[in-house]
Novice: 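Below: one structure in structure tokens.
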Amino acid sequence: MVAPPDPDVADYLRPTDFIDSDSPDVMEYARAATSDRTTDVGKAVALYYAVRDGIRYDPYSVDLSVTGLRASSTVIRGSAFCVPKAVLLAA
């Protein structure tokens, strides 16, 4: 049996319609959240807390459109339910 080719890691790091990690708003949010961290682990922890504590959890404003679930929209709104918050963390 032939193993499938190894995927290029870059394929998994490209922005998507939802995880718009190339958005200036998302990039600035990440820079601001990690500005005092030097290690990858420290940056990951800082981003987790920034999304958990800095984006207000709002289960009553559910918008299931592409725009509503987009990471940059969550940064701009400053509030979201769990799915867009997870999308922002992934971005």
Novice: Do D25 and S72 meet the criterion of a side-chain donor-acceptor pair at a distance under 3.5 Å?
Specialist: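 There is no such pair between these side chains.
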Novice: Looking at every non-hydrogen atom in both residues, tell me the closest pair between P84 and T74 and how far apart they are.
Specialist: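 Heavy atoms of P84 and T74 come nearest at CB-OG1, 3.3 Å.
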Novice: Taking R70 for its side chain and S65 for its backbone only, find out whether a donor-acceptor pair lies under 3.5 Å.
Specialist: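 Side chain of R70 to backbone of S65, a donor-acceptor pair under 3.5 Å: no, none is there.
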Novice: Is it the case that over 12 heavy atoms from other parts of the model lie below 6.0 angstrom from the OH atom of Y49?
Specialist: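 Result for OH/Y49: open.
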Novice: How long is the gap from CG on D58 to NZ on K85, to the nearest 0.5 Å?
Specialist: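 Reported value, rounded in 0.5 Å steps: 10.0 Å.
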Novice: Kindly check if the number of other-residue, nucleotide or ligand heavy atoms within 6.0 Å of CG (D53) is above 12?
Specialist: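 More than 12 within 6.0 Å, yes.
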Novice: To the nearest 0.5 angstrom, please state how far the OG atom of S79 sits from the OH atom of Y57.
Specialist: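 Here the interatomic distance stands at 11.5 Å.
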Novice: Minimum heavy-atom separation for P15 and D20, please, with both atom names.
Specialist: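 Scanning both residues completely, I find the closest heavy atoms to be CB-CA, 4.4 Å.
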Novice: I need the minimum non-hydrogen distance between A50 and A33, along with the two atoms involved.
Specialist: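 Residues A50 and A33, closest heavy atoms: CB-CB, 3.6 Å.
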Novice: Is there a continuous path of hydrophobic side-chain contacts, each under 4.5 Å between heavy atoms, that joins L69 to I19?
Specialist: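 Looking at the clustering, I19 is in the same group as L69.
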Novice: Identify the heavy atoms of A71 and V87 that sit nearest to each other, and give their distance.
Specialist: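 Between these two residues, the closest heavy atoms are N-CG1, 3.9 Å.
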Novice: Say whether, by atom type as modelled, one donor and one acceptor occur between the side chain of Y48 and the main chain of L89 under 3.5 angstrom.
Specialist: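 Flag not set: sc Y48 to bb L89 has no pair under 3.5 Å.
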Novice: Same cluster for Y12 and L88 if Ile/Leu/Val/Met/Phe/Trp/Tyr side chains link at under 4.5 Å?
Specialist: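 They do not share one cluster, since no chain of ILVMFWY contacts under 4.5 Å joins Y12 to L88.
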Novice: If you group Ile, Leu, Val, Met, Phe, Trp and Tyr by side-chain heavy-atom gaps below 4.5 Å, do V26 and F18 land in one group?
Specialist: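 Looking at the clustering, F18 is in a separate group from V26.
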Novice: If you look at every heavy atom in L47 and A30, which pair is closest and at what distance?
Specialist: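 Here L47 and A30 meet closest at CD2-CA, 3.8 Å.
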Novice: If I compare all heavy atoms of R77 with all of G68, which pair ends up nearest, and what's the gap?
Specialist: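 Smallest interatomic distance, heavy atoms only, reads NH2-O, 3.3 Å.
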Novice: Do I76 and F81 share a hydrophobic cluster (ILVMFWY, side-chain heavy atoms under 4.5 Å, transitive)?
Specialist: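 No, because I76 and F81 fall into different hydrophobic clusters, even though each may have its own neighbours under 4.5 Å.
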Novice: List the steps and the verdict of side chain to side chain contact (heavy atoms under 4.5 Å, CB included) for I55 and Y29.
Specialist: CA-CA 11 Å; I55 302 294; Y29 184 81; 3.5 Å; yes
Novice: With distance as the sole test, does T39 use its side chain to make a donor-acceptor pair with the main-chain N or O of G42 at under 3.5 Å?
Specialist: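 Yes; judged by distance alone, with no hydrogens or angles, the pair exists.
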